[in-house]
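Below is one structure, written out as structure tokens; the observations come after it.
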Number of protein chains: 2
Amino acid sequence: MAPPGANSAAAPARRSKTDVVDAALGILATQGLPDLTMRRIADELGVRPSALYWHFPNKQTLLAAVSERILALSGSAPDPTPPWREGATAIATSLQRCLLRYRDGAELVSSSLAMGLIQPPAQRQLLELALAHRMPPALARVASSTLVHFVLGHTFHVQQRLELARVAASAVGAPVPAATAPEDDFEGGVALIVHGAESLARADPRP
Amino acid sequence: MAPPGANSAAAPARRSKTDVVDAALGILATQGLPDLTMRRIADELGVRPSALYWHFPNKQTLLAAVSERILALSGSAPDPTPPWREGATAIATSLQRCLLRYRDGAELVSSSLAMGLIQPPAQRQLLELALAHRMPPALARVASSTLVHFVLGHTFHVQQRLELARVAASAVGAPVPAATAPEDDFEGGVALIVHGAESLARADPRP
DNA sequence: ACCTGAACACCGTTCAAGT
DNA sequence: ACCTGAACACCGTTCAAGT
């Protein structure tokens, strides 16, 4: 009766990798990274923890899949090629927005990246942009990776303060600060790195 | 008979906070951060895990004490005030050397820092150096924190690759790569940030 | 193909009680 | 002041077995 892919009432529901990642993202958004355990993901899916190991070999690769979904909306460089300064800033900002969309997003992505389970986000776009502006390749590489690490590190820091504020607020019974204030030195740090690369490139132009 | 502070043969040995941190550093150096558990530290000291909670309220503060010891040798700015470029580079390099002295040093320090349990290392020295060179305060702040985060992030990355190489090597039975190669873009990244700050300061000099 | 059931080998932490 | 003993409430992971 039921067409393939639809669940009849009799057959038990079956989960796909996508469903598992969805459940994990839901827990991440509402509970945060410390509560993102295999057992809670299983609960959310109405399944036993061991079932998850049919979909993923271990927790690390599951979290890497979650990281990739968080980064999926990271904007690519627009066409036609924008100026270095504007383009690099836009890429950095877009990356930060992705990370801020989920609680502890930067920490999660950083650790997946550190374990070599995902590619450095936005780095390819930055590299291409830099090379399009005839930046020396070695400098382009350094500038891209420095910028990406700055965004990750800074956003991690911002989100960690947000978590601390959260526990402090909940201890007093106060409402949690919902939105992330633009805060502070994000723009300054990005500008520093972008400008530094530009200036060094001028001092040592490509033949 | 025994003078105060010495252990007679009859009285059981007693541990100080310092002893606990020493034991933790030993485990960190030989086993790495994932094996730095309360139970293993207790074993190392010949004590039950619960005993550690007399010295420290929880694991996080114990690890923060370990972080502070790792950073204790971080060099301060020499006298007389060196040029910005050389001074900032020296501070960054000295910080990196401290972090590299213990396995997973950068990760440990980063997480203590993220939880707000230690002060950002080397930041005060960098700030003072920048201000001594009449850099605008806002720029000096951004430059200092960007540089510190770069060193932490980069060293974290280097050490993580070292750990991955370690497991790969031990899986094959090969000897582990003992020393850390200077590797790669550390100098480049530091130069980029230091130069960027210098260049921006020239463009917007302090009155 | 997808999941259960049951177990294994761990964690951090608390707390009354000992000396 | 410093530590033991025993417990509590968790973890990630494995693996035979079910459907």
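All values below were derived from every heavy atom in this structure, side-chain atoms included, with hydrogens, water molecules and symmetry-related copies excluded. Numbers restart at 1 for each chain; the letters A, B, ... are given by sequence-line order, proteins then strands.
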task: Kindly point out which of dG12(C), dC3(D), dT13(D) is positioned nearest to the side chain of Trp54(B)?
output: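 Nearest to the side chain of Trp54(B) among the choices is dC3(D).
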Residues which pass side chain to side chain donor-acceptor pair (under 3.5 Å) with Thr146(A), listed by chain and number, not counting sequence neighbours: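 Here no residue qualifies.
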- prompt: Gln160(B): what forms a side chain to side chain donor-acceptor pair (under 3.5 Å) with it, not counting sequence neighbours?
  reply: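 Gln160(B) satisfies side chain to side chain donor-acceptor pair (under 3.5 Å) with no residue once adjacent residues are dropped.
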message: Taking the C1' atom in each of dC10(C) and dC8(D), what is the distance between them to the nearest angstrom?
response: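 Between the two C1' atoms, the distance is 15 Å.
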- prompt: Can you tell me how far P of dC3(C) sits from CG of Leu52(A), to the nearest Å?
  reply: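 Checked: the CG to P distance equals 9 Å.
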query: CG of Asn58(A) versus C1' of dT14(D): gap in Å, rounded?
result: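 It is 13 Å, rounded to the nearest whole Å.
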field: Distance test, side-chain N/O of His55(A) to OP1/OP2 of dA1(C), below 4.0 Å
entry: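 Checking dA1(C) against His55(A), no side-chain N or O comes under 4.0 Å of OP1 or OP2.
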query: Given Watson-Crick or G-U pairs with both distances under 3.5 Å, what dot-bracket string fits DNA chain D, with | for other-strand pairs and [ ] for crossing?
result: ||.|||||...|||||.||
Once salt bridge (charged side-chain N to carboxylate O under 4.0 Å, His left out) is applied, do any residues pair with [X], and if so which ones, sequence neighbours excluded?
| X | answer |
| --- | --- |
| Glu128(A) | Arg124(A) |
| Arg101(B) | none |
| Glu198(B) | Arg85(B) |
| Asp43(B) | none |

Qualifying salt bridge (charged side-chain N to carboxylate O under 4.0 Å, His left out) pairs with a residue from residues 16-31 of chain A, counting only residues at least two apart or across chains: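 Non-adjacent pairs meeting salt bridge (charged side-chain N to carboxylate O under 4.0 Å, His left out): Asp22(A)-Arg69(A).
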- prompt: Who passes side-chain contact (heavy atoms from CB on, under 4.5 Å) against Pro83(A), sequence neighbours left out?
  reply: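 For Pro83(A), the residues satisfying side-chain contact (heavy atoms from CB on, under 4.5 Å) (neighbours in sequence not counted) are Glu86(A).
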message: What does the B/S/- profile of nucleotides 5-11 of chain D look like, 5' to 3', with a 4.0 Å heavy-atom cutoff to protein?
response: B-----B
message: Just to be sure I understand the geometry, which residues of residues 102-115 of chain B put a non-hydrogen atom under 4.0 Å away from DNA chain C?
response: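 Result for residues 102-115 of chain B: none.
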query: Hey, is the main chain of Thr30(B) close enough, under 3.5 Å, to the side chain of Arg103(B) for a donor-acceptor pair?
result: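 Confirmed, Arg103(B) side chain pairs with Thr30(B) backbone.
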task: Can you sort out the partners of Phe150(A) under ring pair (Phe, Tyr, Trp, His ring centres under 6.0 Å), two or more places apart, ordered by chain and number?
output: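 Result, ring pair (Phe, Tyr, Trp, His ring centres under 6.0 Å) vs Phe150(A): His154(A).
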